[in-house]
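Numbers restart at 1 for each chain; the letters A, B, ... are given by sequence-line order, proteins then strands. A quick note: this is a predicted structure, and the numbers were derived from the prediction, not measured.
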Amino acid sequence: MPELPEVENFKNYIDETSLHQKIAAIQIAAPELLVNTTIDILRDTLKGNVFEDTFRHGKFLFIRLLKNGFLMLHFGMTGDLLYYTPDKKYPKVYVLLIQFENGRNLAFSDQRRLGKIGLVKNVESFIKDRGYGKDALKISLEEFIALFQKRRIAIKTALMNQKIVAGVGNEFSDEILFQSKVHPESKSNVLPIEKLKEIYQHMLAILQEAIEQNADRSKLEHYFFLDHRKEGLKCPECKGDTKLRTIGGRSSYFCPSCQKLYT
DNA sequence: GAAGTTGTTTATTA
DNA sequence: CTAATAAACAACTT
């Protein structure tokens, strides 16, 4: 599922393929993904326009346009990008297709259609108005500790809340807490400052390495819970059984003996 | 074929 | 007002 590292990877992909080319036409196959815009407005805005550069905040990707602000993309659970040269094998299934004047296409596919497509005039006010927290890679240790010390919810739920810190989802939250040896149901506000610091440091380290590996899960196999999401597996540390529990409405995997519960 | 899956939004309650 | 909680949505897998 696209979390922060995957979205960073999409950003790099667009930077490498789709910048500085005039858009000849677009196709919109899933109008229900549009937020605060319409098919006509999106088409009028993008046609003849140019992708200039990109900016990521949490799991949101913003593409700056030569004219008229930014194109906003959110990848939901199944969003994906493919830049390709149309031939007989295509078009593949897409929700949005960008056709460049050079003949290449950029397809945004989203099998389960939980993604979002929109136009944004000002990225900072978009983030502020919707209440999203600082990006997980940009938040300072002091800000992180202050925010998590005043939340009484489970630490896993807090980590996944985009309005506290933006970018961490279900799978990375499990891995961060396993590395930090903290039980996901621990109350955020009772964790010692030293533990919050560890969580912060592991969050940065894991996200950064995932980005360096282009979010390729096959290169992240040493992260146990990123790759082994099943109940009853042997914990690589203590050889005990891993557990599954629904926390914050999401399936959470953890090692009950290695990960200490703070209440 | 009913239940499980995740990121986000919305509704409800404290 | 803020914070916490639960449910809803999409569409595909088990």
Side-chain angles (χ1 to χ4, degrees), chain A residues 1-11 28-37 56-62 72-81 92-96 108-118 120 123 126-136 143-144 146-177 184-191 203 207 210 215 217 220 223 225-233 242-254 262-263:
Chain A
M1 311 302 140
E3 297 186 30
L4 186 152
E6 286 90 346
V7 179
E8 182 75 12
N9 200 41
F10 289 137
K11 168 182 157 59
I28 301 159
E32 66 270 25
L33 269 61
L34 302 184
V35 291
N36 295 329
T37 190
R56 183 192 56 72
H57 184 94
K59 303 172 193 172
F60 284 88
L61 183 59
F62 303 92
M72 176 275 284
L73 298 180
H74 191 286
F75 296 87
M77 281 180 66
T78 55
D80 199 7
L81 294 175
K92 69 191 281 289
V93 178
Y94 57 81
V95 293
L96 173 66
F108 175 28
S109 64
D110 184 11
Q111 199 166 54
R112 288 165 76 165
R113 302 187 174 206
L114 281 170
K116 296 274 184 288
I117 300 168
V120 172
V123 171
F126 175 87
I127 293 165
K128 185 162 175 275
D129 293 346
R130 299 180 62 142
Y132 298 126
K134 288 261 177 72
D135 184 83
E143 289 172 297
F144 183 91
L147 286 168
F148 281 74
Q149 272 189 317
K150 69 179 188 187
R151 293 294 185 143
R152 289 166 296 180
I153 52 177
I155 180 66
K156 176 185 170 73
T157 310
L159 273 174
M160 289 193 301
N161 185 338
Q162 305 300 298
K163 298 189 175 185
I164 301 176
V165 57
V168 178
N170 194 25
E171 296 188 0
F172 277 84
S173 71
D174 280 354
E175 186 61 37
I176 291 164
L177 292 172
E185 284 178 310
S186 297
K187 298 288 180 210
S188 180
N189 63 316
V190 306
L191 288 169
M203 174 179 79
L207 292 175
R217 295 304 179 96
L220 298 169
Y223 286 123
F225 277 121
L226 277 186
D227 206 53
H228 302 85
R229 300 182 67 73
K230 274 183 184 163
E231 192 173 22
L233 296 177
T242 60
K243 288 280 188 189
L244 164 63
R245 190 172 300 169
T246 299
I247 302 170
R250 293 294 170 263
S251 57
S252 179
Y253 295 89
F254 60 100
Y262 297 79
T263 55

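Within 4.0 Å (heavy atoms only), A:Thr157 reaches no atom of the nucleic acid at all. Nucleic acid contact for A:Glu171: none, since no nucleic acid atom lies under 4.0 Å from a heavy atom of the residue.
Comparing A:Tyr132 and A:Asn170 along DNA chain B, the residue whose closest nucleotide (by nearest heavy atom) sits nearer the 5' end is A:Asn170. Checking A:Glu32 against A:Lys187, the closest nucleotide of DNA chain C that is more toward the 5' end is the one next to A:Lys187.
Aromatic ring orientation, A:Phe108 versus A:Phe75: perpendicular (interplanar angle above 60°, classes split at 30° and 60°).
Summarising the geometry, the separation between CD1 on A:Ile164 and P on C:dA4 is reported as 7 Å, rounded to the nearest angstrom. Look at CZ on A:Arg245: it is 18 Å from C1' on B:dG4, rounded to the nearest Å. Per the geometry, CD1 belonging to A:Ile247 stands 17 Å off C1' belonging to B:dG7, to the nearest Å. Protein atom CG of A:Leu244 is 10 Å distant from nucleotide atom C1' of B:dG4, rounded to whole Å. If you take NZ of A:Lys116 and P of B:dT6, they are 17 Å apart, rounded to a whole angstrom. As a whole-Å value, the separation of A:Arg152 CZ from C:dT2 P is 15 Å. Rounded to whole Å, the distance from CD1 on A:Ile153 to C1' on C:dT5 is 10 Å. As a whole-Å value, the separation of A:Arg250 CZ from B:dA3 P is 18 Å.
OP1 or OP2 of B:dT5 has not a single side-chain nitrogen or oxygen of A:Arg112 nearer than 4.0 Å. For A:Thr78, no side-chain nitrogen or oxygen approaches OP1 or OP2 of C:dA10 to under 4.0 Å. OP1 or OP2 of C:dC12 has not a single side-chain nitrogen or oxygen of A:Arg113 nearer than 4.0 Å.
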Worked check of ring pair (Phe, Tyr, Trp, His ring centres under 6.0 Å) between A:Phe225 and A:Phe254: CA-CA 8 Å; A:Phe225 277 121; A:Phe254 60 100; 8.0 Å; no
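Taken from CG in A:Leu81 to OG in A:Ser109, the straight-line distance is 7.5 Å, to the nearest 0.5 Å.
In terms of heavy-atom proximity, A:Ala154 sits nearest to A:Glu185 at CB-CA, 4.0 Å. Contact between A:Lys59 and A:Val7 at its shortest, heavy atoms only, is O-CG2, 3.6 Å.
Side-chain proximity of A:Gln111 to C:dA10, C:dA4, C:dC12: nearest is C:dC12.
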